[in-house]
Enquirer: 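Can you read through this structure? Questions will come right after.
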Amino acid sequence: MSTTSTQKLTLQVAGREQPLEVAVGSCAFDWFEDYPDLPKDAVAIRLDGKVIDLKRPVEAGEQVEFLDWADPAGREVYYHSCTHLMAQAVMELFPDAKPTIGPPIEEGYFYDFDVPKPFTPDDLAKIEKRMRKKAEQRIPVERFEMPRLDAIGLFKKEGNPYKVEVLEELEDDTVSFYKQAEFTDLCRGPHIPHTGYLKHFKLLNSAGAYWRGDEHNPMLQRIYGTAAPSKEALEAYLHKLEEAKERDHRKLGRELDLFSIHEEAGPGLVFWHPKGARVRNIIENFWRTEHYRRGYELVYGPHVQRENLFRQSGHLENYKENMYAPMEIDGSNYYAKPMNCPGHILIYKNQLHSYRELPIRYAELGTVYRYERSGVLHGLLRVRGFTQDDAHIFCRPDQLEAEIQGVIDLADYMMRAFGFDYKLSLATRPEKSIGSDEVWDFSIAALRKVLEGLGRPFEVEDGGGAFYGPKIDVKLVDALGRDWQGPTFQLDFNLPERFDVDYIDSDGDKKRVVMIHRTVLGSMERFMGNLLEHYKGAFPMWLAPVQVKVMTITDDSLDYARQVRQRLLAADVRVELDDRNEKIGYKIREAEAQKIPVMLVVGKKEASDNLVSVRERGRVDVGTMSLQEAIEYVQSKAAAPAPDTV
RNA sequence: GCCAACGUAGCUCAGCCGGUAGAGCAACGGUUUCGUAAACCGUAGGUCGAGGGUUCGAGUCCCUCCGUUGGCUCCA
């Protein structure tokens with residue numbers, strides 16, 4: 001192809017000193033011959049910012065990058081091609097199937113098929129086997145184009161309404177297809193040059209999935225899979241999945257005897273065992289102290305409230321499908337509360353408030369009940385009864401910015417106290433919303449200003465707010481790098497209107513209050529689940545339900561061991577004594593399994609000299625010290641994180 | 001709610017083509033009194049999630065229900 005008459009193109013390669021001299025109309029795949037140093041494991045190139053196939057002829061351009069697995073875009077190509085390989089295998093094995101969409105996702109890919117019968121686990125094995133065969137055959141993947149209208153006609157003839165729908169939504173006149181052997185799919189690409197690139201992949205599971213995620217649409221069958229550039233990387237990924245199972249809060253909750261959920265009592269309803277309740281109490285006490293310190297007032301509201309209240313708040317109108325059915329008492333209906341806000345408004349409205357009193361901040365560890373669809377319940381993370389760390393701030397417009405600043409400071413402090421990193425996002429006005437432009441613009445500007453002042457990146461979700469106000473979401477990032485819904489701060493332009501929530505301003509006029517809903521931990525249940533997975537059940541000292549386990553070598557030192565326990569109890573240490581007639585290795589094994597941070601071993605030697613042998617969780621033998629020293633050692637590690645800002 | 005898989009002793013799991021339930025750990029009773037992740041011997045423990053059906057016979061097959069798990073907005 002490098003004949004002298006062809007026109008040349010000069011391309012700069014990132015990280016390569018010499019530019020490439022290539023023929024106009026040649027493709028990246030050809031360049032490997034002339035430039036052996038180019039990365040042969042690349043799966044696509046980025047030409048002036050656009051990701052294209054290795055086999056796509058290049059007519060013009062300046063900058064080129066070779067994309068391999070290390071590049072997110074390269075990884076997408078790999079996943080995407082792998083899902084095409086899967087679709088090819090499925091279409092060969094199940095000719096009745098209609099392919100729909102199959103994108104790459106975070107750590108793999110899926111493909112949705114409309115099939116007469118759902119796939120069985122056996123089917124997945126067969127599909128994967130066929131994929132392997134297809135990969136070995138190194139089938140060329142060819143790209144071609146077609147006018148969009150022709151493509152619509154084609155799929156209409158084929159009887160595939162899904163592809164037709166996708167095509168009808170596109171705006172381009174021409175669309176691209178990729179063909180490998182008999183399998184052809186409408187696809188934007190790019191793709192690998194041939195199926196031999198795909199060597200290490202695995203199908204993970206299949207599940208029903210509604211077309212476009214809408215339950216009014218037909219249910220398709222989705223197959224999830226993953227892939228990796230090497231056997232080791234694939235195994236590492238599968239190992240990571242196993243690791244995540246080890247951290248599962250449901251497993252840890254059972255093993256550490258923290259909580260349980262019972263069919264007899266109802267799905268999604270949590271029982272906190274003594275040890276779980278202890279951790280929860282520590283968190284709640286920490287939370288209460290911090291709230292008083294920051295000028296919140298703590299309140300309590302009843303768990304059931306009259307129908308009229310929820311009619312006025314609009315919950316019965318807009319939220320009824322999430323509410324438990326009413327109970328009739330003395331001729332009127334009562335509902336289990338799904339939210340705490342109406343109650344806090346009643347407290348606020350119990351008297352008139354001067355502008356001088358604001359802001360008023362009511363906080364409550366408020367237990368609410370919400371009907372969640374059975375399919376979405378999940379351990380502690382999605383339940384039907386839970387205790388929110390809720391608060392409502394009533395303030396003047398000129399206080400909004402400072403109040404938002406205050407809740408962000410509080411959230412930041414809490415997240416750091418519990419060891420979480422976090423990400424921020426701002427959700428702005430959606431299409432369907434209430435309130436004037438002026439109020440929305442003012443509020444969003446205030447939220448944005450506070451966020452910008454943090455010097456931290458934040459995302460903006462345009463139109464992601466609720467109909468009644470914009471919000472800031474905080475996502476916590478746990479030890480495995482997973483995101484969880486954490487604190488949220490939500491402005492509300494609706495409830496103050498519905499309830500006439502006012503204050504008397506300096507000019508003597510009634511003015512409408514600005515209302516902020518906010519939570520920093522979310523709910524005690526979900527937060528406990530997040531904490532458990534984050535720490536893998538190994539709580540830091542200040543949260544550990546049992547901080548110290550005293551254990552005897554033989555019964556001879558029992559009396560002394562009881563004294564040790566008494567001394568620790570007197571020093572407010574959460575301590576248990578293992579006085580069973582068992583070998584020390586057995587006791588340690590059990591204490592390790594229970595993830596108790598400190599073990600104090602006492603035998604004859606210690607008893608005679610008022611000593612204890614200290615062992616820390618995770619095979620760390622700290623050595624022998626006096627009982628008094630040990631108490632100080634434990635106390636030094638047991639303090640709650642100090643408040644650094646008020 | 002929908003799709004699929006699963007539900008056997010407190011826990012983890014075995015139980016083939018239907019013949020009437022088994023292991024390890026935990027519990028309990030003994031023996032042992034022992035220095036940093038499992039001492040030994042023994043005992044007890046199950047209406048096999050619930051209900052119905054098929055069958056001479058069901059943990060195993062079928063149906064209904066309950067629960068659990070994974071998935072159901074990541075636009076060719």
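Side-chain atoms are counted along with the backbone in the values below, which use heavy atoms only and exclude waters and symmetry mates. Chain naming here is simple, since letters A, B, ... match the order of the sequence lines and numbering starts at 1 in each. Just so it is clear, the structure is predicted and the values come from calculations on it, not from any experiment.
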Enquirer: Look at A:Ser206 and B:A4 and indicate whether a side-chain polar atom (N or O) is within less than 4.0 Å of OP1 or OP2.
Expert: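 Checking B:A4 against A:Ser206, no side-chain N or O comes under 4.0 Å of OP1 or OP2.
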Enquirer: Test salt bridge (Lys or Arg N to Asp or Glu O under 4.0 Å) on A:Arg615 and A:Asp621 and set out the steps.
Expert: CA-CA 4 Å; A:Arg615 183 193 157 103; A:Asp621 195 348; over 6 Å; no
Enquirer: Across the strands shown, which category fits A:Tyr371 at heavy-atom distances under 4.0 angstrom: base, sugar-phosphate, nothing?
Expert: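 Sugar-phosphate: the residue A:Tyr371, judged by heavy atoms under 4.0 Å, touches backbone atoms but no base.
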Enquirer: Atom CD of A:Gln594 to atom P of B:A38: distance rounded to whole Å?
Expert: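 It works out to 16 Å between those atoms.
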Enquirer: Which whole-number value in Å describes the distance from A:Glu582 CD to B:G35 P?
Expert: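 So the CD-P distance, A:Glu582 to B:G35, works out to 14 Å.
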Enquirer: Taking the same atom, C1', in B:A9 and in B:C72, what whole-Å distance lies between them?
Expert: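 36 Å, rounded to whole Å.
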Enquirer: What's the closest nucleotide to the A:Lys583 side chain, out of B:U36, B:C3, B:A39?
Expert: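 Of the options given, the side chain of A:Lys583 lies nearest B:A39.
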Enquirer: From B:G35, B:C3, B:C75, pick the nucleotide closest to the side chain of A:Met219?
Expert: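 Closest of the options to the side chain of A:Met219: B:C3.
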Enquirer: Side-chain donor or acceptor of A:Tyr210 under 3.5 Å from a matching atom on the base of B:G1?
Expert: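 Pair found.
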Enquirer: Have a look at A:Ile553 and say if it touches a base, only the backbone sugar-phosphate, or nothing, with a 4.0 Å heavy-atom cut-off.
Expert: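 Base contact.
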Enquirer: Look at the side chain of A:Glu606 against the base of B:G35 and say whether a donor-acceptor pair falls under 3.5 Å; ignore hydrogens and angles.
Expert: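 Check passes, donor-acceptor contact within cut-off.
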Enquirer: Has the side chain of A:Asp555 got a donor or acceptor that lies under 3.5 Å from a partner of the other kind on the base of B:U33?
Expert: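 Between B:U33 and A:Asp555, which were checked side chain against base, a qualifying N/O pair under 3.5 Å is present.
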Enquirer: Think A:His378 has a side-chain N or O under 4.0 angstrom from the OP1 or OP2 of B:G70?
Expert: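 The answer is yes; a side-chain N or O of A:His378 sits under 4.0 Å from OP1 or OP2.
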Enquirer: Look at the rings of A:Tyr324 and A:Tyr371 and say which category their plane angle falls in: under 30° parallel, 30 to 60° tilted, over 60° perpendicular.
Expert: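 Aromatic pair A:Tyr324/A:Tyr371 classed perpendicular.
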Enquirer: Taking salt bridge (charged side-chain N to carboxylate O under 4.0 Å, His left out) as the test, write out the residues that go with A:Arg589, two or more places apart.
Expert: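 Salt bridge (charged side-chain N to carboxylate O under 4.0 Å, His left out) check on A:Arg589 returns nothing, list empty.
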Enquirer: Determine the contact category for A:Gly213: base if any of its heavy atoms lies under 4.0 Å from a base atom, sugar-phosphate if only primed atoms, P, OP1 or OP2 are that close, otherwise nothing.
Expert: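 The answer is sugar-phosphate, as A:Gly213 gets under 4.0 Å only of primed atoms, P, OP1 or OP2.
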Enquirer: Do A:Asp473 and A:Lys471 make a side-chain contact, defined as non-hydrogen atoms from C-beta onward lying under 4.5 Å apart?
Expert: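 A side-chain contact under 4.5 Å exists here.
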Enquirer: Between B:A58 and B:G53, how far apart are the two C1' atoms, rounded to whole Å?
Expert: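 Roughly 11 Å separates the two C1' atoms.
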Enquirer: With sugar-phosphate meaning primed atoms plus P, OP1 and OP2, does A:Leu377 contact a base, only sugar-phosphate, or nothing at under 4.0 Å between heavy atoms?
Expert: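 Sugar-phosphate, backbone atoms only, no base.
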Enquirer: Could you please name the partner base of B:A37, counting Watson-Crick and G-U wobble pairs only when both distances are under 3.5 Å?
Expert: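 Because no pair has both required distances under 3.5 Å, B:A37 counts as unpaired.
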Enquirer: Think A:Tyr224 has a side-chain N or O under 4.0 angstrom from the OP1 or OP2 of B:A4?
Expert: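 Indeed not, no polar side-chain atom of A:Tyr224 lies that close.
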Enquirer: Of all the nucleotides listed (B:G71, B:U68, B:C66), which has the minimum atom distance to the side chain of A:Ala207?
Expert: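 Taking heavy atoms from C-beta onward, the closest nucleotide is B:G71.
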Enquirer: Tell me whether the count of non-hydrogen atoms from other residues, nucleotides or ligands lying under 6.0 Å of CG in A:Asp214 goes above 12.
Expert: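 Yes.
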Enquirer: Using atom OH of A:Tyr162 as one end and atom P of B:C72 as the other, report the distance to the nearest whole Å.
Expert: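 Whole-Å distance recorded here is 18 Å.
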Enquirer: Going by purine N1 to pyrimidine N3 plus the second Watson-Crick contact, or the G-U wobble pair, all under 3.5 Å, which nucleotide sits opposite B:C2?
Expert: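 The answer is B:G71, by the H-bond criterion.
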Enquirer: Rounded to whole angstrom, note down the C1' distance from B:G19 over to B:A23.
Expert: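 Here B:G19 and B:A23 have their C1' atoms 22 Å from each other.
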Enquirer: Between B:C48 and B:A21, how many Å separate the two C1' atoms, rounded to a whole number?
Expert: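 8 Å, rounded to whole Å.
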Enquirer: Please determine whether a side-chain nitrogen or oxygen atom of A:Lys604 lies at a distance below 4.0 Å from atom OP1 or OP2 of B:C34.
Expert: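 Yes.
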Enquirer: To the side chain of A:Val601, which of B:U36, B:G70, B:C75 is closest?
Expert: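 Looking only at heavy atoms from C-beta outward on A:Val601, the closest nucleotide is B:U36.
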Enquirer: Can you tell me how far C1' in B:A5 sits from the matching atom in B:G46, rounded to whole Å?
Expert: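 The same atom, C1', in both gives a distance of 24 Å.
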Enquirer: Pick base, sugar-phosphate or nothing for A:Arg373, based on heavy-atom distances below 4.0 Å to the nucleic acid.
Expert: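 Base: the residue A:Arg373, judged by heavy atoms under 4.0 Å, touches a nucleobase.
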Enquirer: Taking the side chain of A:Arg589 as its heavy atoms from C-beta onward, which of B:A5, B:U12, B:A37 lies nearest to it?
Expert: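 Ranking B:A5, B:U12, B:A37 by closest atom to the A:Arg589 side chain puts B:A37 first.
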Enquirer: Using a heavy-atom cut-off of 4.0 Å across all strands, would you classify A:Glu263 as base, sugar-phosphate, or nothing?
Expert: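 The answer is base, as A:Glu263 lies within the cut-off (heavy atoms under 4.0 Å) of a base atom.
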Enquirer: Report yes if at least one side-chain N or O of A:Arg580 is closer than 4.0 Å to OP1 or OP2 of B:C28; otherwise report no.
Expert: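 So the side chain of A:Arg580 is outside the cut-off, no N or O lying under 4.0 Å from OP1 or OP2 of B:C28.
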Enquirer: Can you identify which nucleotide, out of B:G1, B:A37, B:A26, has its nearest atom closest to the A:Tyr586 side chain?
Expert: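 Between B:G1, B:A37, B:A26, the one nearest the side chain of A:Tyr586 would be B:A26.
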Enquirer: Taking the C1' atom in each of B:G10 and B:A44, what is the distance between them to the nearest angstrom?
Expert: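 These two C1' atoms come out 14 Å apart once rounded.
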Enquirer: In whole angstrom, give me the gap between the P atoms of B:G67 and B:C75.
Expert: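 These two P atoms come out 34 Å apart once rounded.
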Enquirer: Is there a side-chain contact between A:Phe201 and A:Met131, using heavy atoms and a 4.5 Å cut-off?
Expert: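 Touching, per the 4.5 Å side-chain cut-off.
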Enquirer: When rounded to the nearest Å, what value does the distance between C1' atoms of B:C3 and B:U20 take?
Expert: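 Their C1' atoms lie roughly 35 Å apart.
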Enquirer: Please pick, from B:U68, B:A37, B:G70, the nucleotide with the shortest atom-to-atom distance to any side-chain atom of A:Glu592.
Expert: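 In terms of side-chain proximity for A:Glu592, the closest of B:U68, B:A37, B:G70 is B:A37.
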Enquirer: Would you mind classifying the nucleic acid contact of A:Gly585 as base, sugar-phosphate or nothing, using non-hydrogen atoms under 4.0 angstrom?
Expert: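 Answer is sugar-phosphate: A:Gly585 comes under 4.0 Å of backbone atoms only.
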Enquirer: So A:Phe113 and A:Phe119, would you call those rings parallel, tilted or perpendicular, with 30° and 60° as cut-offs?
Expert: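 Geometry flag for A:Phe119 against A:Phe113: perpendicular rings.
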Enquirer: Would you say A:Leu204 and A:Leu238 make side-chain contact, with heavy atoms under 4.5 Å?
Expert: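 They are in side-chain contact.
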Enquirer: Under a 3.5 Å cut-off for both contacts, is B:A58 paired Watson-Crick or G-U wobble with anything, and if yes, with which nucleotide?
Expert: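 Check on B:A58: unpaired, no WC or wobble geometry under 3.5 Å.
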Enquirer: Give one of base, sugar-phosphate or nothing for A:Gly108, where a contact means two heavy atoms less than 4.0 Å apart.
Expert: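 Nothing, no heavy atom under 4.0 Å.
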Enquirer: Considering every strand shown, what is the Watson-Crick or G-U wobble mate of B:A27 when both distances are under 3.5 Å?
Expert: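 Across all strands, the one nucleotide that pairs with B:A27 is B:U43.
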